[in-house]
Structure formats: C-alpha cells, structure tokens
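Quick notes on the structure that follows.
Chain naming here is simple, since letters A, B, ... match the order of the sequence lines and numbering starts at 1 in each.
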There are 2 protein chains.
Amino acid sequence: MPAPKQTKAPPVMADADIAIVRIAPETSFKNKAYEALKEAILKMDIYATPEQVMLDERALSERLGVSRTPIREAIAMLEQDGFVKTVPRRGIVVVRRTKTEIVDMIRAWAALESMAARLITTTARKKDITALRDFFKDFGKDRLPQDHVEEYSKANIAFHQALISLSESPVLVDLTNDLLLHVRGYRQLTIGRKDRTATSLPEHLGIIEALEARDTELAEKRARDHTLGLAAYVEAHGQELFT
Amino acid sequence: MPAPKQTKAPPVMADADIAIVRIAPETSFKNKAYEALKEAILKMDIYATPEQVMLDERALSERLGVSRTPIREAIAMLEQDGFVKTVPRRGIVVVRRTKTEIVDMIRAWAALESMAARLITTTARKKDITALRDFFKDFGKDRLPQDHVEEYSKANIAFHQALISLSESPVLVDLTNDLLLHVRGYRQLTIGRKDRTATSLPEHLGIIEALEARDTELAEKRARDHTLGLAAYVEAHGQELFT
DNA sequence: TCCTGGTATTTGGTATGCCAAAAATATTCG
DNA sequence: CGAATATTTTTGGCATACCAAATACCAGGA
C-alpha cells in the first residue's frame, strides 16, 4: 500500500482504519420470530401440560405484530431443530420427547463431552482448567449442593458448558448446546434431585483433576461416566415424568 | 375402554387394527424444494469451484416451478443445517467449511461413533455384528482396497453407517449422518487416498472383533482412534484442498 | 481518461390474499 | 332422539405484489 501523499490532498477516507466493521444488519423478523418462539417453547413446561401444545400461525403473527410469512419461516427452522412438528391442515405441535429419546440424547451428550475432555487435556491452558472450580466455590462441606438444588443446578449447567467451550471446538459446543436445550426442561425435574446432586460435585472435581493432570484417558472416562450416570439415572427414575 | 355391544351394530370401523397409519400427506413443495436443493448442494463439488457459489431465490423458484415462498422456507431450513448462509440484500451463499471445521466435525463424529460402539457391545446381536464384515467381503489379499479406491470408499461409508445404526440410537444416527453430509464431498478427495486406504480395512476388522468380543472399552477405543486417525490425516494432508 | 453522481436493476424481506383439506358445527331425516 | 349429512370455520400451503437496501450501470464533467 503506497504511503499517503504529503501534499494537501482532497478529502478522502481517512487512512487510519476507523473502527467501522459493518453496519449491523438489524436482525430480520424471521430471526426475531425464531428466537422469540424458541425461547417461548423452552420456557413453557412442555412436560407438565397434559394435552399437547399447539401453535397457531395467525395467532402468533398477530401476537408478534408481523405477517405470517416470517412466522412460517421461523417455524420451518424450529422444525429443523426438532422443537416443533407441523402437520398439514392440522396444526403445529410442540414436540414432546419420550423418556427413551431423552436418555438417548444424554448418551450423545456424554460422547461429545468426553471428547471435549480428551481435547482439553492436550490444548487447554492450566489456568483455564483450574478456573472450572470457580463454578462450585459456593458449595462445600458447610454448604451442601443438595441443600441448594436450584442454585447448584445452574452452576452445574454453567460448568458443563464452560467445560465444552474449553475444547475450542465449535462443533462440539454447538451440538452439545442443541442437545442441552432439549434435555434442559427436563433437567429441572430430574437433575436437581437430591440423591443425584450429592454425587455430582465430587465427580465434577474428579474430572477437573484429571484434566489438570493431563491424563487424557482418565479425563475422557470420568467425563463420559459422569454423564452416562445421568442417563442411567433418568432411565431408572424418570418414569413418572412421561405419563 | 368399554366392550363393543354384542347386538347387530350398524356398519362401523373394524375392530381389528388395520395397518393403516395415516394417508401419507404428499410432501409439500417446501419439503420437495428442501430435498432437491440439499441434493443439488451436496452433488456440486463446492470445494472445486474457485469463486463462492450463490443461489438465487427467483431463479430457483422458476427452475423448480414453484413460487418463492416454499423456496424461501426450504432455504431457511438449509440454513439451519449449515449448508447455506443468506446475507440480506446480497444473496444466498453455499457455505464452505474450512479445513479446521472439517477436522472438528470428524472429531465429533469420532466421539459419536465410539459411543455407538460402546452401546453395541451391550445390546446388539452377535449376528448383526458379524454381518458388518460383509461390507468388505469383496476385498482381501487378492483384491486390495487401495486398488479400488472408489468402490472401497462406498463400502467404507456404508460400514460406518451400518455400525452406527446397530447402536439403535436415533440421536447418534441422525447426528452422525448430518456430520457425514458435511464431510462427505470432502471425503471423495481425501479419504480415498491410497496411503490411508491401506490401513483402513484392518482397523475396521479390529473394531468388529472387539464388538464380537463384547469388549466395551476396546471397541470404543478402536472406533474412536480409527476416526481420529482420519481427522489427523485430513489435518496433515488436506491443506491443498482449502486454498 | 478517470472520477463523480445519479439512476436502473437486482435481491432478499415482508405483507396479503386465496386455496383446499380437515375439523367443527349445524341440519335434516328416519 | 340419534345418526347421517350438509355447511361453516379453521388451518397450513402457496402465489403474488411491493418494499428497501445493495449493487450495477451509465452519463456528464474536470
């Protein structure tokens, strides 16, 4: 790139790169509708309501103040995610997963997380690994997780997400987040259970130790077994939730 | 449920469940367009063309003989899959993955497949496991894979898909297939390489043996290492493909 | 010739309207 | 009264028209 001429030049764009990246294209209605509907679906306790939940395009478009077109596109996206299923001339139903499906998802999650653990042992910085302990700093002998289930549950999810992120693998992160969204509503009812919460913390610390020790095989195994334990728990005790 | 009256009843639906599930709702234009576009994208050699490939809604709608509406819904779905990315007022671009992304996907694939192997050792029937050998029955000492790369590549993919299916885990199957679609076009250029093909067959047989022996840990390890080997290979030798 | 404006065109985004199938409701007839 | 039937309403699918932003193109002037 040639140096700027020293003579008085006509007004040109300043040479210094002004910090203008690109005018942010304000998200389209389609994407706004997608986010809004996704959040609404995740928020509603789908497994608590007895009859199946239906969505109505026209009602939604009126509710969100946009036409049906962007709504329909958002629905199409949600259907790809597996959150809803549209039945022609019938309606749009919010998908309920069966217990078997949830267990299956948790197993896949275990697979992805154990791979993340494996990668972390070879690439992550010690500092970042140790930082994982912070998620549980509020819990200990004098403040047991099983006495603060709700709070621990949040820390738990945050820990797992941070763990996966340390792998620096966008694919693992994305896939896991997707799975977590499906399992989540469910977690509120099961993961928080006291009997499991008690064993959860030590297992988490065990994973962190293996990561710090750069023991690839052990870290993978502990991460896998921990989440598979959850799967087994749901399979054994989650019956009543899927009537 | 009350028992049917024994008196001569007026013509009603037969009691025996006739195997009619539901009149198949002939797929909508939206879904047809989705399948058509997906196939077209996968078929085109996206990594061979120098300039980025763009799609045009109007051209597509004319080409497929439908209006833009179902086309746009199909595009929205493909975008969820990560096959295309639409830029407002600019166009729809077919996404190119970088080498790093492909490697990342293969790692995730390895994670899922190793979990499948794990599950198979505890649930699959001996007969079905043994049947996996059939995919390679056309290859041997007198007919080396590296001399029939194209044919072996197909057998290879079929084997992996059959393997995952044996896990009887819909989630693992779906996630793996999705990943495979992204990696596939790529495989044509890399997996078929002679140097790797030579080691592939023995590794496959090793996996099958571990499955037959119901050795959970070993099967998992072999499945994982086999696919991670592919990831390492692409990472090391796939450079020239991503100019 | 080259730069500058301005104009026409392209392209995705959105709103509307109509259609047919399905469901819900009303009606008719034995 | 009850069941079969006709009618209305509901609902997703699709086509079309218009908009605004981004781009491409073109004419005029230094």
Nearest-nucleotide comparison on DNA chain D, the residue closer to the 5′ end among A:I92 and B:R89:
A:I92

How are the rings of A:H226 and A:H160 set to each other: parallel, tilted or perpendicular (split at 30° and 60°)?
parallel

Here the pair of heavy atoms bringing B:Y152 nearest to B:S200 is OH-OG, 2.8 Å

Does anything in residues 51-65 of chain A come within less than 4.0 Å of DNA chain D? Heavy atoms only, and list the residues if so.
A:L55, A:D56, A:E57, A:R58

I need the minimum non-hydrogen distance between B:M44 and B:I41, along with the two atoms involved.
CG-O, 3.1 Å

Under 4.0 Å from OP1 or OP2 of D:dA15: is there any side-chain N or O of B:S67 that close?
yes

With a cut-off of less than 4.0 Å, is there a side-chain N or O of B:R90 near OP1 or OP2 of D:dT23?
yes

Considering residues at least two apart in sequence or located in another chain, which fulfil the side chain to side chain contact (heavy atoms under 4.5 Å, CB included) criterion with A:E79?
A:V84, A:K85, A:T86, B:K30

Taking CZ from B:F29 and P from C:dC19, how many angstroms apart are they, rounded to a whole number?
16 Å

Closest approach of A:S114 to A:R224 (non-hydrogen atoms, all atoms of both residues)
CB-CB, 3.7 Å

Could you tell me whether B:R72 and A:E73 make a salt bridge, using a distance below 4.0 angstrom between a side-chain N and a carboxylate O?
yes

Does CZ belonging to B:R63 count more than 12 external heavy atoms closer than 6.0 Å?
no

Evaluation steps, side chain to side chain contact (heavy atoms under 4.5 Å, CB included), between B:L42 and B:R184:
CA-CA 8 Å; B:L42 294 177; B:R184 202 186 197 98; over 6 Å; no

Go through residues 68-81 of chain B and report each residue with a non-hydrogen atom lying under 4.0 Å from DNA chain D, sorted by number.
B:R68, B:T69, B:P70

